[in-house]
Participant: 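Structure incoming, see below.
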Amino acid sequence: MRRISIFGATGSIGQSTIDLIRRDRDAYDVVALTGGGNIDLLAKDAIDLGAKVAVTAYEDRLADLKSALSGTGIQAAAGEHALIEAADREADWIMSAIVGSAGLAPGLHALRHGTTLALANKESLVTAGPLLMRSAQSHGARVLPVDSEHSAVFQGLVGEDQSEVERVIITASGGPFRDWSLDQLKGATLAQACKHPSWDMGQRITIDSASMFNKALEIIETKEYFGFAPDQIEVLVHPGSYVHALVGFRDGALMAHLGAPDMRHAIGYALHWPERRDLPVERLDLAKVGQLRFEAPDETRFPPLRLARQVMEMGGLAGSVFNAAKEAALDLFIAQKIGFLDMARLTEEVLNQMSTDVSQPQTNMSLDTVLAADKEARARVMALQTKQ
Ligand code: NDP
C-alpha cells in the first residue's frame with residue numbers, strides 16, 4: 001500500500017485527488033489530510049479514508065475538529081506547526097494543494113524526507129522555486145507538476161532530450177473577461193470574476209484566471225520547474241481549454257497535449273507516474289469539438305503577463321514579492337475594497353518599490369529570506385491601499 005498525505009484536502013484539487021483515491025481505496029494508506037475552515041468535510045474524509053491525522057490550519061477550529069473526530073481514533077491537530085508535523089510524517093506521495101504561499105513550508109518539509117511531492121501549489125515555485133528544487137535534489141525527492149499546463153509539458157518531454165526544445169507554449173482559456181475592453185475591466189465585479197468559462201476551481205485561482213495572474217504565475221512556474229529561459233516560454237489564448245500546452249523542438253515539430261478540462265487528468269498522471277492508468281475523465285470527441293481556436297495574449301489589458309517577464313528578469317526574491325503582493329491585492333479585491341485592475345496596479349507598484357531589495361543571488365535564498373520578502377510585500381500593498 002502506498003502511504004499518501006493530502007495537503008489542502010478540502011479544496012478543489014484536494015477533493016479531486018480524494019475522488020481518485022476512493023476509486024482504488026485498498027491501494028492507499030492515508031497518513032494525513034489537512035484543510036482550513038471546512039471542518040465538516042475534513043473530518044468526514046478523514047473518517048472515510050481512515051487517515052491517521054487530520055489537521056486544520058486554524059488553531060481556533062481545533063475544538064470543532066476534535067469534536068467531529070471524537071471516538072474515531074484519528075488524531076486532530078491545528079495550526080502552522082501541526083501542518084509541518086504532518087509534512088514530517090513519512091509518506092510515499094504527498095499532494096501539495098494548499099492555496100497560496102502557505103503551501104511552501106509544508107512542501108519544503110515533506111521534501112526533506114525524500115518523498116514524491118505532487119505540486120499543485122504553484123505559489124511555492126513562484127515564491128521560492130530555486131529553494132524548492134534544490135531541496136528536492138539534495139534529499140533525493142521528486143517534485144511532479146500537477147498544474148495542467150506543466151503536467152502537459154512534462155508529458156511532452158517524456159523520452160525527449162530537453163536541450164532540443166526550442167520553446168514551450170502554455171495555453172490560457174482567457175477567462176471570463178477575454179473579450180473585455182480596459183474600460184469594462186475597470187468595472188469588473190467579484191461575482192463576474194468568479195465565473196470561469198471552462199474550469200471548475202477554487203475561488204482564488206478562478207479570480208487569478210480572470211486577471212491572468214494565474215497565467216503569470218504559470219510562466220514563472222515553467223521557468224522554475226523545467227529551467228527554460230524566459231524567452232522560450234510563450235502563452236497562447238485558447239478559449240476551449242482542450243490543448244493544455246505544446247512543446248516545440250528544434251526541427252519545428254510541436255507536440256501538443258490535449259484533454260478535457262478536468263484536473264483529475266493531471267492529478268492522476270502524478271499519482272500513477274511513471275505508469276499510466278485508467279482515469280475517470282471524459283474522452284475528447286474532437287469531431288464534436290470541431291475547431292480549436294487560438295489568439296495572442298494581450299499584455300495591455302492583462303498586465304500580469306508583462307509583470308511575469310519583469311519578475312523573471314529581476315530574479316532573486318522578485319517571485320516572492322510578486323506572489324505575496326498579488327495575494328494581498330486579491331484579498332482586497334475579494335473584500336471588495338479595490339477594483340479589478342487595482343490588483344495588477346498595486347502588485348506592480350510594490351514590485352517596483354522593492355526592486356533593489358529583492359535582487360540577490362538565488363543561492364542566498366532561504367525560507368527566512370522568502371518569508372521576510374513575502375511579509376514586506378503584503379505590508380506595502382496594505383500601506384498603498386490605505387494611503388488612497
Ligand atoms: P481551494 O481554495 O479550492 O482549496 C484550498 C485548500 O487550502 C483548502 O483545503 C483550504 O481549506 C486550504 N487552505 C486555505 N488557506 C489555507 C492556509 N492558510 N493554510 C493551510 N491551508 C489552507 O484551492 P484549489 O484547490 O483551487 O487550489 C489549490 C492549489 O492548487 C492552488 O495553489 C492553485 O493555484 C493550484 N491549482 C488549482 C487548480 C484547480 O483546478 N483548482 C489547477 C491548478 C493548480 P478550507 O477550504 O477547508 O478552508
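Numbering of ligands and ligand atoms starts at 1, following listing order. Below, all heavy atoms of this structure are taken into account, side chains as well, without hydrogens, waters or symmetry copies.
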Participant: Any idea which residues sit under 4.0 Å from ligand 1, heavy-atom distances?
Facilitator: Gly8, Ala9, Thr10, Gly11, Ser12, Ile13, Gly35, Gly36, Gly37, Asn38, Ala57, Tyr58, Leu83, Ala97, Ile98, Val99, Ala102, Ala120, Asn121, Lys122, Glu123, Asp147, Met201, Gly202, Ile205, Met263
Participant: Does Met255 have more than 12 heavy atoms from other residues, nucleotides or ligands lying within 6.0 Å of its CE?
Facilitator: no
Participant: Just checking His150 against Tyr225, ring centres under 6.0 Å apart?
Facilitator: no
Participant: Taking the basic N atoms (NZ, or NE/NH1/NH2) and the acidic carboxylate oxygens, is any pair closer than 4.0 Å for Asp208 and Lys215?
Facilitator: no
Participant: Once side-chain contact (heavy atoms from CB on, under 4.5 Å) is applied, do any residues pair with Leu157, and if so which ones, sequence neighbours excluded?
Facilitator: Val153, Gln162, Val165, Phe226, Phe228, Val247
Participant: Of Phe302, Trp180, Phe177, which is the lone residue that meets ring pair (Phe, Tyr, Trp, His ring centres under 6.0 Å) with Phe340?
Facilitator: Phe177
Participant: State whether a side-chain donor-acceptor pair under 3.5 Å links Gln155 with Arg276.
Facilitator: yes
